[in-house]
Amino acid sequence: MSASNGPDAVGGTAAGGVRHVAIIMDGNGRWAKKRFMPRAFGHKRGVDTVREVARAARSMGLEALTLYAFSSENWKRPEDEIADLMGLLRTFIRSDLDEFIANNIRLKIIGDYQALAPDIVEMIEDAMARTAGNSATTLAIALNYGSQQEIARAAARAAAKGAITAEAIEAELDTADLPPLDLLIRTSGEIRLSNFLLWQAAYAEMWFTDVLWPDFTATHLKDALDQFASRERRFGGR
Ligand code: FPP
């Protein structure tokens with residue numbers, strides 16, 4: 001992380017009432033293409049951004065940061081790209097787990113991660129267990145995640161317990177132990193939710209930026225939080 005765009009450069013606690021931010025990290029491929037490089041290069045730089053933004057979230061006092069890393073639709077990508085993404089995930093957990101532990105960051109995975117390769121499932125469960133008691137910030141990573149599927153799973157569990165109410169379904173979502181979602185960010189100029197946190201976004205503010213994910217910095221996160229602070233949230237009231 002460079003000194004010019006790390007969390008120290010933006011400094012202080014910027015969260016201003018924001019507890020939970022989620023990000024649709026988009027634009028790795030276009031970032032690489034602009035540099036005549038393979039998509040894998042964009043994803044690799046995307047992981048560097050994950051690291052920087054997670055550190056910034058921690059230093060800005062966010063309780064939770066949820067990142068869309070691999071959707072249930074991403075299996076349609078070419079096999080080598082999927083392998084690259086899974087390889088990056090392995091490296092990320094291996095290299096950053098000690099930092100999470102040292103910085104009181106809890107790692108959580110949302111989505112049907114059990115369907116990933118057995119060694120990844122094992123790494124994830126080990127990392128979640130070793131950070132379970134950490135309380136500063138939760139870094140939630142969405143893997144093999146689809147919001148409609150999550151809602152269907154939650155509704156089935158709620159039904160099995162006898163009550164299909166909004167509260168009962170919400171209590172069964174993968175995010176049930178996270179604060180309500182305040183702000184949803186999407187990079188790369190696309191204006192859609194792509195089956196991410198559809199339920200949780202009911203009252204979230206949205207922030208869309210043309211910046212491609214590998215170019216996203218702590219300063220952009222701070223800008224989004226500052227704009228959030230100036231918005232008046234009504235939650236359906238007046
Ligand atoms: C979208 O860019 C990005 C993804 C599908 C994956 C996001 C993954 C990472 C940032 C790396 C892995 C993350 C972790 C936590 C290890 P795109 O490839 O769709 O970009 P494009 O729309 O420009 O083609």
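Just so you know, ligand 1 is whichever comes first in the structure, and atom 1 is the first atom listed for that ligand.
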### Query
Taking the side chain from T187 and the backbone from D26, do they hold a donor-acceptor pair closer than 3.5 Å?
yes

### Task
Report the member of M25, R30, R77, E73 with the shortest heavy-atom distance to atom 19 (O) of ligand 1.
R77

### Message
Using a 3.5 Å cut-off on N or O atoms only, is D26 in polar contact with ligand 1?
### Response
yes

#### Entry: atom 15 (C) of ligand 1 [closest protein heavy-atom partner, distance rounded to 0.1 Å]
I141 CD1, 3.9 Å

### Message
I'd like to check whether L88 has a polar contact with ligand 1, where a contact means an N/O of the residue lying under 3.5 Å from an N/O of the ligand.
### Response
no

### Task
Look at the rings of F196 and Y68 and say which category their plane angle falls in: under 30° parallel, 30 to 60° tilted, over 60° perpendicular.
parallel

### Query
Backbone or side chain, does any N or O of R39 fall under 3.5 Å from an N or O of ligand 1?
yes

### Query
Mind checking whether A69 has a heavy atom under 4.0 Å from ligand 1?
yes

### Query
Side chain, backbone, both or neither: which part of K33 comes within less than 4.0 Å of ligand 1 when only heavy atoms are counted?
neither

### Task
Taking only heavy atoms of H43 into account, list the atoms of ligand 1 that are under 4.0 Å away from them.
11 (C), 18 (O)

### Task
Have a look at L107 and tell me which of I141, I124, N134 forms a side chain to side chain contact (heavy atoms under 4.5 Å, CB included) with it.
I141

### Over 12 non-hydrogen atoms of neighbours within 6.0 angstrom of CD in Q114
yes

### Task
For residues L221 and I185, determine if any side-chain heavy atom of one lies less than 4.5 Å from a side-chain heavy atom of the other.
yes

### Query
Looking only at side chains, do Q149 and N195 share a donor and an acceptor under 3.5 Å apart?
yes

### Message
Heavy-atom count check: over 12 atoms from other residues, nucleotides or ligands less than 6.0 Å from R39 CZ?
### Response
yes

### Task
Indicate, as side chain, backbone, both or neither, the part of W213 found under 4.0 angstrom from ligand 1 when only non-hydrogen atoms are considered.
side chain

### Query
Which of the numbered atoms in ligand 1 are below 4.0 angstrom from a heavy atom of V47?
11 (C), 12 (C), 16 (C)

### Task
Drop me the distance from Y113's OH to E125's CD, to the nearest 0.5 angstrom.
3.5 Å

### Task
Among all protein heavy atoms, pick the one closest to atom 10 (C) of ligand 1 and tell me residue, atom and distance.
N28 ND2, 3.5 Å

### Message
Regarding ligand 1, does N74 bring an N or O atom to under 3.5 Å of one of the ligand's N or O atoms?
### Response
no

### Query
Could you go step by step and tell me if L181 and T175 meet the side chain to side chain contact (heavy atoms under 4.5 Å, CB included) rule?
CA-CA 9 Å; L181 182 63; T175 52; over 6 Å; no

#### Entry: Those atoms of ligand 1 less than 4.0 Å from some heavy atom in G29
17 (P), 18 (O), 20 (O), 21 (P), 23 (O), 24 (O)

